[in-house]
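Note sheet for the following structure.
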Amino acid sequence: MRRFILSIVCCLATLTYAQTSLGEQAKQDIVQKTTFGGYVIGKAGFNDQEGKTHSSFDLRLARVYVNGQVLDFKYRLQMEVNGVAGTSQEKGPRIVDAYGEWVKYPFFQVRFGQFKRAFTFENPMNPWDIGFGGYSQLTDKLAGMNDRIGEHSSGGRDIGLQIQGDLLPIGNDRHNFLHYQVGIYNGQGINHADANNRKDLIGGLYIYPIKNLAIGAFGWNGSYTKSNVTTDRNRLAFGLKYEADWSVRAEYASSEGHKISNYNADGSISGSDKADAWYIAVGAPLNNKCKVYAKWDVYREAKEWGNMKSLYCLSANYYFFKNLKLQANYSYTRDKSNALDGHYNTFDIQLYWRF
């Protein structure tokens, strides 16, 4: 009996010590592995499009964030503090990212909260890294930035649950050959609850034949509800991405599903339920401070050549320091759907700084 009691006491002591150690480690993680930061992008722009304001100063983005990790859990909270175009409810400070992620195993990680949708290579990229003054039309219209379907501006994000992981290390550098990510989402964009009791299923599969080169395919099956109208949102995308000193990105996406504005009061539907987009972007370093980019960027509202909007873009990025960048952008736009002025030039200078 004495031995039995001693065994129980030892087990309890060990358990208490383990809990105490985990608790102390969690406290240290909160202090040591929590970072605060933010970034601001200011813009001065000019265009010669007829019927538009030709010059303006703009605060493109102003965001603050906190990142951290406690034991096997990462977390992120990001706020956008500048005004946002849209309804009065969408203006002013708003939550952009808010999620926790279990990251114990590289091959199986679980993320829950509000975050980027798992669709296209470009959508998850930070504005600092895309090389141009804005995302491609493909990402903007078909990945939920300012979605063609009529969803409020959501920055490519939604609320949901996602699993992801990296598998099959290969080569001398032991890079992972396969990456997967699959998520279920409300389908209503950021800071909005589900409105139709249906969930969006979005996933992507990447293969890395060599380090830094990814070839991927993406799928999206879902719906969107607004003003008591529900429409389908089904999309496919595929492309490649190479990111090193040189950068190459190319993607194509196709969409099926009417816009909310296509539904008329009498119950009829007008307009096309199809759209597609593609872009090809190349970046070349001039030296360790300056990198230049070129891009051909196309969006077709009804998946027809007659309403194609093409952008031919050049960009130069100069880094004064790691956290201070000056960017000059030029684009020539050929918009076949614009009868008033379908040919125009746009130029802007943007200053990026972060802390």
Side-chain angles (χ1 to χ4, degrees), residues 29 32-35 65 67-76 78 97 99-131 135-136 138-139 142-144 155-158 160-185 200-221 235-253 278-285 291 293 322:
D29 285 348
Q32 299 175 5
K33 297 183 179 180
T34 299
T35 59
Y65 60 82
N67 294 330
Q69 181 171 347
V70 177
L71 303 176
D72 297 321
F73 293 88
K74 287 185 177 180
Y75 55 88
R76 178 174 175 85
Q78 182 172 213
D97 292 302
Y99 63 83
E101 185 172 13
W102 184 61
V103 295
K104 184 173 183 177
Y105 302 108
F107 57 85
F108 183 80
Q109 301 180 350
V110 182
R111 179 180 295 184
F112 175 73
Q114 182 167 287
F115 49 87
K116 290 274 192 174
R117 289 166 165 133
F119 193 73
T120 78
F121 282 124
E122 190 179 66
N123 182 40
M125 294 180 68
N126 189 288
W128 275 75
D129 301 323
I130 62 174
Y135 290 87
S136 67
L138 183 154
T139 304
L142 302 183
R157 295 167 170 86
D158 202 351
L161 174 72
Q162 177 178 292
I163 59 172
Q164 61 187 28
D166 298 293
L167 303 165
L168 306 177
I170 62 170
N172 294 331
D173 57 12
R174 307 305 291 165
H175 73 274
N176 290 296
F177 178 73
L178 183 67
H179 171 81
Y180 71 91
Q181 51 191 40
V182 181
I184 53 173
Y185 308 82
D200 285 13
L201 177 64
I202 305 176
L205 187 67
Y206 310 2
I207 60 171
Y208 287 85
I210 61 173
K211 187 178 180 180
N212 300 324
L213 173 63
I215 301 170
F218 308 85
W220 182 342
N221 177 259
R235 295 170 179 173
L236 292 172
F238 55 88
L240 62 85
K241 178 181 72 169
Y242 178 80
E243 291 291 343
D245 291 338
W246 281 73
S247 300
V248 179
R249 294 195 305 275
E251 296 194 83
Y252 172 83
W278 64 87
Y279 71 90
I280 301 172
V282 178
K291 191 170 183 177
Y293 292 82
K322 178 182 178 181

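In what follows, every heavy atom counts, from backbone to side chain, and hydrogens, waters and symmetry copies are set aside. Nothing here was measured: the structure is a model prediction, and the numbers come from that model.
Contact check for Glu243 versus Asn212: no side-chain heavy atoms found under the 4.5 Å cut-off. Taking the side chain as every heavy atom from C-beta outward, Leu213 and Val248 never approach each other to under 4.5 Å. Side chains of Tyr135 and Pro127 form a contact here, defined as non-hydrogen atoms less than 4.5 Å apart. Proximity of Gln164 to Glu101: side-chain heavy atoms (C-beta onward) are separated by under 4.5 Å at one or more points. Taking 4.5 Å as the limit, some side-chain heavy atom of Ile207 sits within range of a side-chain heavy atom of Phe177. With a 4.5 Å cut-off on side-chain heavy atoms, Val282 and Trp246 count as touching. The closest side-chain heavy-atom distance from Asn67 to Tyr65 is below 4.5 Å.
What you find for Asn123 and Lys116 is that their closest heavy atoms are O-NZ, 2.7 Å. Listed here is the closest heavy atom pair of Tyr185 and Asp158: CB-OD2, 3.4 Å. Contact record, Ile170 with Pro209: CD1-O, 4.2 Å, taken as the closest heavy-atom pair. When every heavy atom of Tyr293 is checked against every heavy atom of Asp129, the shortest pair comes out as OH-O, 4.5 Å. What you find for Tyr75 and Val70 is that their closest heavy atoms are CE2-CG2, 3.9 Å. The nearest pair of heavy atoms linking Ala253 to Leu138 is N-CD1, 3.6 Å.
When the ring-ring contact (aromatic ring centres under 6.0 Å, His included) test is applied to Tyr279, no partner is found at least two apart in sequence or on another chain.
Rounded to the nearest 0.5 angstrom, Met125 CE and Thr139 OG1 are separated by 9.5 Å. With values rounded to the nearest 0.5 angstrom, Asn221 atom CG is found 12.5 Å from Ile184 atom CD1. Expressed to the nearest 0.5 Å, how far CG of Asp166 lies from CD of Gln109 amounts to 7.0 Å. Of the inter-residue distances, the one linking Thr35 atom OG1 with Gln69 atom CD reads 11.0 Å to the nearest 0.5 angstrom. With rounding to the nearest 0.5 angstrom, the CG atom of Asn176 is 8.0 Å from the CG atom of Leu168.
A donor-acceptor pair is defined here as one N or O able to donate and one able to accept, closer than 3.5 Å; such a pair exists between the side chain of Arg235 and the backbone of Leu142. Between the side chain of Arg249 and the main chain of Ile130, a donor-acceptor pair closer than 3.5 Å is present. Under a 3.5 Å cut-off, the side chain of Asp245 and the backbone N or O of Pro285 do not form any donor-acceptor pair. Side-chain N or O atoms of His179 include one that pairs as donor or acceptor with a backbone N or O of Gly165 at under 3.5 Å. When atom types are taken as modelled, the side chain of Glu122 and the backbone of Pro124 share no donor-acceptor pair closer than 3.5 angstrom. Distance alone, capped at 3.5 Å, is enough to place a donor-acceptor pair between the Tyr180 side chain and the Phe107 backbone.
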ask   = Going through the checks in order, is the salt bridge (charged side-chain N to carboxylate O under 4.0 Å, His left out) test met by Glu251 and Lys241?
value = CA-CA 9 Å; Glu251 296 194 83; Lys241 178 181 72 169; over 6 Å; no
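Lys211 has no carboxylate O lying under 4.0 Å from a charged side-chain N of Asp173, or vice versa, which leaves the two without a salt bridge.
Each of Lys74, Arg111, Arg157 was scored for a salt bridge (charged side-chain N to carboxylate O under 4.0 Å, His left out) with Asp97, with one residue passing: Arg157.
Between Trp220 and Phe119, the ring-plane angle classifies as perpendicular under the 30° and 60° cut-offs. Note: Phe73 and Trp102 have tilted aromatic rings, judged against thresholds of 30 and 60 degrees for the angle between ring planes. Ring-plane geometry between Tyr206 and Tyr208 is classed as tilted, the angle between the planes lying from 30 to 60 degrees on a 0 to 90 degree scale.
Separation of the Tyr252 and Phe218 ring centroids does not fall under the 6.0 Å cut-off.
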